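Written out below as structure tokens is the structure these notes cover.
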Amino acid sequence: MPARHFLSLLDFSSDELRALIAHAIDVKRKLKQGIAHTPLTGKLLAMIFEKSSTRTRVSFEAGMYQLGGHAMFMSPRDSHLGRGEPIEDSARVISSMVDGILIRTFGHERIQLLAKNSQVPVINGLSDLLHPCQLLADMQTWFEQRGDIAGASVAWIGDGNNMCHSYINAAIRFDFRLNIACPAGHEPDAGLLETGGDRIHLCANADDAATDADLVVTDVWASMGQEQEQEQRLKTFATYQVNRQVMARANADALFMHCLPAHRGEEVTAEVLDSAQSVIWQEAENRLHVQKALLEILLGPAT
Ligand code: CP
Ligand code: NVA
């Protein structure tokens with residue numbers, strides 16, 4: 001049987017994603033109560049990072065350890081991935097020795113090629129197109145704070161980037177309304193937008209997107225790989241900052257999320273990022289719990 005991969009939220013059904021979040025909440029409870037949970041004893045996860053990471057690396061490595069398994073960090077600098085060995089060949093070799101592969105890279109096609117040639121599950125730890133693991137953590141955080149997100153109104157303000165794309169997929173699977181405000185030329189991928197149907201609304205500015213929102217989300221203006229555009233982007237995105245005025249448009253009990261790392265004073269003010277409405281630390285911690293639930297499903301014994 002071919003391995004099951006997690007390259008996009010759309011690889012799981014709505015029911016599967018809700019069950020995954022429920023399991024993540026239970027896995028978190030067990031950890032907090034000191035109850036050992038080691039269904040992945042003896043399992044090994046290879047982690048390929050072709051871009052930087054703090055949260056993704058620490059959460060997957062800690063998660064594998066807590067589940068009884070082990071994680072192996074690989075970078076292009078000290079493997080043949082950085083010396084031109086085709087990803088297809090790397091996939092065949094690595095997947096013959098481990099139980100799962102996590103990859104963070106640039107082009108999404110690279111992850112798809114890896115998955116196509118891997119005999120073990122592949123997890124997308126971020127590509128230029130998508131960041132599905134972060135959405136699992138964001139959704140767990142929402143479910144813990146507010147219950148099911150179906151029918152809620154979410155505002156995405158800033159760049160139409162990998163996080164925005166994964167929010168579109170989340171709107172599809174969890175059935176919420178998504179108001180997106182991006183500067184001209186930085187809108188999300190048109191094809192992806194279309195798949196979201198009438199749940200997704202492109203707004204003229206940040207205030208419009210935030211109006212009556214239950215959740216306001218943003219991300220850096222220049223993603224990894226766009227460092228040379230940083231100066232220009234600071235100007236282009238200047239009116240897309242999430243600040244007190246923008247949050248005032250949202251519902252009084254609206255939450256604020258950011259996948260981190262954040263640039264205080266750019267895409268979000270320190271006042272909002274560090275406010276009582278902000279759940280950024282819960283989001284970051286939930287990377288650990290929800291990815292443990294994901295690893296258990298993909299790498300664990302068949303149920
Ligand atoms: N949010 C996130 O993926 O963080 P890292 O880049 O630190 O992994
Ligand atoms: N959009 C950001 C997310 C970082 C977690 C990036 O791709 O750099």
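First listed ligand is number 1; within each ligand, the first listed atom is number 1. None of these values were measured; they are calculated from a predicted model.
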Notebook entry, point to check: So do Tyr167 and Met257 actually touch side chain to side chain, heavy atoms under 4.5 Å?
Noted result: yes
If we number the atoms of ligand 2 from 1 as shown, the ones under 4.0 Å from a heavy atom of Leu260 are 5 (C)
Here the atoms of ligand 2 under 4.0 Å from any heavy atom belonging to Leu126 are 3 (C), 4 (C), 5 (C), 7 (O)
* Under 4.5 Å between any side-chain heavy atoms of Thr105 and Ile87, yes or no? -> no
Carefully, step by step, assess Met139 and Leu9 under the rule side-chain contact (heavy atoms from CB on, under 4.5 Å). CA-CA 11 Å; Met139 291 300 104; Leu9 281 184; 5.9 Å; no
Asn161 heavy atoms within 4.0 Å reach ligand 2 at atoms 1 (N)
Does ligand 2 come near enough to Asn162 that some N or O of the ligand is less than 3.5 Å from an N or O of the residue?
yes
Atom 8 (O) of ligand 2 sits nearest the protein heavy atom Met224 N, 2.8 Å
Check: Below 3.5 angstrom, do we get any N/O pair linking Asp219 and ligand 2?
Finding: yes
**Report entry** Test side-chain hydrogen bond (donor to acceptor under 3.5 Å, both in side chains) applied to Gln291 and Ser59, step by step
**Finding:** CA-CA 8 Å; Gln291 289 163 191; Ser59 55; 2.9 Å; yes
Do Tyr240 and His186 have ring centroids that are under 6.0 Å from one another? no
Quick note, salt bridge (charged side-chain N to carboxylate O under 4.0 Å, His left out) partners involving residues 147-162, not counting sequence neighbours, are Arg18-Asp148, Asp159-Arg233
Pocket residues around ligand 1 (non-hydrogen, under 4.0 Å) come out as Ser53, Thr54, Arg55, Thr56, Arg104, His131, Gln134, Cys259, Leu260, Arg287
Looking at Phe73, I'd like to know if the NZ or CZ of Arg57 sits under 6.0 Å from its six-membered ring centre while staying within 45 degrees of the ring's axis. yes
Do we get Arg4 above Phe12's six-membered ring, with its NZ or CZ under 6.0 Å from the centre and within 45° of the axis? yes
Discussion item. Does this structure show an ion pair linking Arg92 with Asp89, if we count only N-O contacts that are shorter than 4.0 Å?
Written reply: no
A student comparing Ser223, Ser166, Cys259 should find that the heavy atom closest to atom 2 (C) of ligand 2 comes from Ser223
